[in-house]
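A short write-up of the structure that comes next.
In this text the structure is predicted, and so the values were computed from the model without any measurement. One is the number of the first residue; the rest follow in order along the sequence.
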Amino acid sequence: MLELALTHRSFAYESGGLPTNERLEFLGDSVLGLVVTEELYQKFPELDESRLSPLRSGVVNMRALAAIAREFNLGAFVRIGKGEESSGGREKNSILADSLEALVGAIYLDHGFALTTQVIMKWFAPVIESANAQGLGLDGKTALQELAAAKNLSAPEYEVTDSGPDHDKSFTAIAIVGGERFAPGEGKSKREAEQIAARIAYESLLKTLK
């Protein structure tokens, strides 16, 4: 199960069509989403859906998952193809995030929901605290738009690109405000990538305007 969870499609294809971790990733994504959603629901009873949804996006996103994967060096154990290896695949956010989700799926199948919840909360409790402290319960795009208007800057624009096969796309968004391009945000949907890019631009712009 562990070997399957760590088998990226690039390795599987180069090895003659082995099973990949994509089914486990699909399962783990749902389990992870449920556990984090329930924790946010219980932890922040004062927040309504409009605040809980972006807060969840601030916790469960490609960048956050990849950061957790790096904490225990998950990339060193992922089985990837030679092409991905040569292009730095072990450090790619998308591969690390997908592998972490697949690992969650494997833990769930092997040990059940209760233990999987314990593991997820051990990983994500600090992320949840940090996200709340940073005000990620606020909609990133709305916050950036309001800041730009308050400073008489042009309305934010977003450049979005995607990569990967149709069934497993990754999106990268760059926020542009007043002609300035900010660091990219990555996500599994266009909306998620734009929200993360907006938050990055908001935090950066706020520092320069202080």
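Using a 4.5 Å heavy-atom cutoff, the side chains of Leu96 and Leu100 are not in contact. Considering only heavy atoms from C-beta on, Ser99 comes within 4.5 Å of Asn21 through its side chain. Side-chain atoms of Ser87 and Lys92, non-hydrogen and from C-beta on, do get closer than 4.5 Å to each other. You'll find the side chain of Arg9 reaches within 4.5 Å of the side chain of Pro165, heavy atoms only. Under the 4.5 Å side-chain criterion, counting only non-hydrogen atoms from C-beta, Glu22 is in contact with Glu25.
Cluster membership for Leu24 and Ile80, using ILVMFWY side-chain heavy atoms within less than 4.5 angstrom, is shared. Under a hydrophobic-cluster definition in which Ile, Leu, Val, Met, Phe, Trp and Tyr are linked whenever side-chain heavy atoms come within less than 4.5 Å, directly or via other members, Tyr158 and Ile176 are assigned to different clusters. Note on Phe72: it clusters hydrophobically with Leu2, by side-chain heavy-atom contacts below 4.5 Å among ILVMFWY residues. Follow the hydrophobic side-chain contacts under 4.5 Å out from Ile128 and you reach Leu65 in the same cluster. Residues Leu27 and Met62 do not share a hydrophobic cluster, clusters being chains of Ile/Leu/Val/Met/Phe/Trp/Tyr side chains in contact below 4.5 Å.
Open room surrounds NZ on Lys82; 12 or fewer heavy atoms of other groups in view lie less than 6.0 Å from it. More than 12 heavy atoms of other residues, nucleotides or ligands lie within 6.0 Å of CZ in Arg90, so this atom counts as buried by the packing criterion.
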Set out, in order, the CA-CA distance, both residues' side-chain angles and the distance that settles side-chain contact (heavy atoms from CB on, under 4.5 Å) for Arg63 and Ile200, then state yes or no.
CA-CA 12 Å; Arg63 187 171 58 163; Ile200 292 170; 3.4 Å; yes
Set out, in order, the CA-CA distance, both residues' side-chain angles and the distance that settles side-chain contact (heavy atoms from CB on, under 4.5 Å) for Asp98 and Lys188, then state yes or no.
CA-CA 10 Å; Asp98 290 349; Lys188 291 193 172 182; 2.9 Å; yes
Full working for side-chain contact (heavy atoms from CB on, under 4.5 Å) between Val177 and Leu147:
CA-CA 10 Å; Val177 183; Leu147 179 61; over 6 Å; no
Candidate pair Lys169 and Asp166, rule side-chain contact (heavy atoms from CB on, under 4.5 Å), full reasoning:
CA-CA 6 Å; Lys169 281 190 177 297; Asp166 289 341; 3.4 Å; yes
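The distance from atom CD1 of Ile174 to atom CD of Glu180, rounded to the nearest 0.5 Å, is 12.5 Å. Rounded to the nearest 0.5 Å, atoms NE2 (His8) and CD1 (Ile95) are 4.0 Å apart. Here CZ of Phe11 is found 6.5 Å from CG of Leu18. Values are rounded to the nearest 0.5 Å. A distance of 9.5 Å separates OG1 of Thr161 from CZ of Phe171, quoted to the nearest 0.5 Å. Put simply, OG on Ser189 and CG on Asn61 are 10.0 Å apart, with the number rounded to the nearest 0.5 Å. Atoms OG and CD, from Ser163 and Glu186 in turn, are 8.0 Å apart once rounded to the nearest 0.5 Å.
Contact detail for Arg70 and Glu91: the closest heavy-atom pair is NH2-O, 2.8 Å. Across all their heavy atoms, Gly185 and Ala193 have their closest contact at O-CB, 3.8 Å. Contact detail for Ala173 and Val160: the closest heavy-atom pair is CB-CG2, 4.0 Å. Taking all atoms of both residues into account, the shortest heavy-atom contact from Ala102 to Ala5 is CB-O, 3.4 Å. Considering all non-hydrogen atoms of both residues, Ser10 and Gly81 come closest at OG-N, 2.8 Å.
Looking at Ser15, its side chain never comes within 3.5 Å of a backbone N or O of Ala12 through a donor-acceptor pair. In this structure a side-chain-to-backbone donor-acceptor pair under 3.5 Å is missing from Gln145 to Ala155.
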Side-chain atoms of residues 29-41: list all donor-acceptor pairs with protein atoms under 3.5 Å, sequence neighbours left out, distances to 0.1 Å.
| from | atom 1 | to | atom 2 | distance (Å) |
| --- | --- | --- | --- | --- |
| Thr37 | OG1 | Gly33 | O | 2.6 |
| Thr37 | OG1 | Arg56 | NH1 | 3.0 |

Which donor-acceptor pairs under 3.5 Å do side chains of residues 103-127 form with protein atoms, sequence neighbours excluded?
| from | atom 1 | to | atom 2 | distance (Å) |
| --- | --- | --- | --- | --- |
| Thr116 | OG1 | Tyr108 | N | 3.4 |
| Thr116 | OG1 | Gly112 | O | 2.6 |
| Thr117 | OG1 | Phe113 | O | 2.8 |

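In this structure, Arg199 is positioned above the aromatic face of Tyr202, its NZ or CZ under 6.0 Å from the six-membered ring centre and within 45° of the axis.
Under 4.0 Å is where a charged nitrogen must lie from a carboxylate oxygen, and between Glu14 and Arg79 no such pair does.
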